[in-house]
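One is the number of the first residue; the rest follow in order along the sequence.
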Amino acid sequence: MTLKWRNKLWLGGLLVALGVYVIPACAHLPGPPKKGEFGRQEVRHPAPSFTLTDQNGKLFHFKAASGRLVLVNFIYTSCPDVCPLFTANLASIHRTLEGDKQSNYTILSISADPARDTPAKLREYADAFKADFLRWHFLTGSPKDLVQVWKAFGVSVQDLGNGQVQHTNLTTIIDRHGF
C-alpha cells in the first residue's frame with residue numbers, strides 16, 4: 001500500500017471517529033431561541049422613578065420622564081466577565097455621542113452588588129473606563145432600594161458568595177417620554 005493511500009485511509013478513519021464522537025455531543029447544544037425569547041423587546045410601560053447614590057456619594061434622583069434618552073445597565077465592579085465588556089461598550093457609545101456633540105442623554109450603570117459596590121468602588125471602576133460623570137452615573141444604594149429598582153426593571157440578582165453575583169444582563173433604553 002502506498003503512502004498516499006495510507007494517508008487517505010488514516011484521514012477517513014479520523015473523520016469517522018470525529019463523526020462518532022462530535023455529532024452526538026452537538027445534539028446536546030441548545031437550539032436557536034424561539035421567537036420572542038431573545039433579543040430586543042419593546043416594553044411599553046413607564047420606567048420607574050427612584051433615588052440611589054452615585055459614584056460621588058451624592059443622591060441621584062431619576063425621574064423617568066426626564067426628557068432625555070436614558071441607557072440603563074446593571075453591573076457589579078468585581079465581575080470577572082460580562083460586566084466589564086458591557087461597560088466598555090457603553091464607554092464606546094458614550095464617546096461616540098460626545099464626539100457627535102449629543103448632550104440629551106444619560107447613562108446609568110446600576111450595581112447588582114450593594115454589599116461591595118460602594119460609591120468609592122464605583123468611582124474607581126468608572127474611572128477605569130474614563131466615564132464622564134456629567135452624563136454617566138454609577139449608582140448603588142441599600143439592598144432594599146436596589147431590590148425595588150431591580151424588580152421594576154425585571155432584573156434578577158443572586159449573591160453566590162465569594163464576590164460572585166449572578167444577575168440578569170440587561171441593557172435597556174428609556175425614551176424621552178419615560179417609556
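In this structure, Gln102 and Leu69 have side chains that are not in contact, with every pair of non-hydrogen atoms separated by 4.5 Å or more. At a threshold of 4.5 Å between non-hydrogen side-chain atoms, the residues Thr53 and Leu59 count as touching. Val165 is not listed as a side-chain neighbour of Phe74, based on a closest heavy-atom distance of 4.5 Å or more. Put simply, the side chain of Pro80 reaches to within 4.5 Å of the side chain of Gln164, judged on heavy atoms. You'll find the side chain of Thr106 stays beyond 4.5 Å of the side chain of Phe62, heavy atoms only. Residues Cys83 and His167 have side chains in contact (heavy-atom distance under 4.5 Å, counting atoms from C-beta outward).
There is no path of hydrophobic side-chain contacts, each under 4.5 Å, that joins Leu90 to Ile110. The hydrophobic cluster containing Val72 also contains Val147, counting ILVMFWY residues as joined when their side-chain heavy atoms lie under 4.5 angstrom apart, directly or transitively. Residues Phe129 and Leu97 are members of one and the same hydrophobic cluster, defined by side-chain heavy-atom contacts under 4.5 angstrom among Ile, Leu, Val, Met, Phe, Trp and Tyr. Both Val157 and Val149 are part of a single hydrophobic cluster, where members link through side-chain heavy atoms under 4.5 Å apart. Under the 4.5 Å side-chain contact rule for hydrophobic residues, Leu71 and Val155 do not share a cluster.
For Arg95, there are no side-chain hydrogen bond (donor to acceptor under 3.5 Å, both in side chains) partners two or more places apart in sequence or in a different chain. Under the side-chain hydrogen bond (donor to acceptor under 3.5 Å, both in side chains) criterion, Asn56 pairs with Arg123, not counting sequence neighbours. For Phe133, the ring-ring contact (aromatic ring centres under 6.0 Å, His included) criterion is met by no residue, not counting sequence neighbours. Under the ring-ring contact (aromatic ring centres under 6.0 Å, His included) criterion, Phe86 pairs with no residue at all, not counting sequence neighbours. Partners of Ser156 by side-chain contact (heavy atoms from CB on, under 4.5 Å), not counting sequence neighbours, listed by chain and number: Thr168. The side-chain hydrogen bond (donor to acceptor under 3.5 Å, both in side chains) test applied to His94 returns Tyr105, not counting sequence neighbours.
Side-chain atoms of Asp54 come within 3.5 Å of backbone N or O of Gly57 as a donor-acceptor pair. Side-chain N or O atoms of Asp175 include one that pairs as donor or acceptor with a backbone N or O of His177 at under 3.5 Å.
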Phe138 vs Lys121, side-chain contact (heavy atoms from CB on, under 4.5 Å): CA-CA, chis, key distance, verdict: CA-CA 10 Å; Phe138 291 76; Lys121 186 82 169 168; over 6 Å; no
Pair Phe60-His137, ring-ring contact (aromatic ring centres under 6.0 Å, His included): steps then yes or no: CA-CA 8 Å; Phe60 177 88; His137 307 276; 4.5 Å; yes
Chi angles and distances behind the side-chain contact (heavy atoms from CB on, under 4.5 Å) call for Arg68, Asn104: CA-CA 5 Å; Arg68 293 175 163 242; Asn104 200 17; 3.2 Å; yes
Criterion side-chain contact (heavy atoms from CB on, under 4.5 Å) on Phe50 and Leu139, from CA distance to verdict: CA-CA 11 Å; Phe50 54 84; Leu139 304 175; 4.1 Å; yes
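Among Asp117, Thr140, Asp113, the one residue that satisfies the side chain to side chain donor-acceptor pair (under 3.5 Å) test with Thr77 is Asp117.
Between the OH atom of Tyr76 and the CG atom of Leu122 there is a distance of 14.0 Å, given to the nearest 0.5 Å. Here the CD1 atom belonging to Ile93 is positioned 9.0 Å from the CH2 atom belonging to Trp136, to the nearest 0.5 angstrom. Remark: Ile107 CD1 to Ile173 CD1 distance equals 10.5 Å, nearest 0.5 Å.
Side-chain N/O atoms of Ser109 and Tyr125 include no donor and acceptor closer than 3.5 Å.
Summarising the geometry of Pro114 relative to Gly141, their closest heavy-atom pair is CB-O, 3.4 Å, with the distance given to 0.1 Å.
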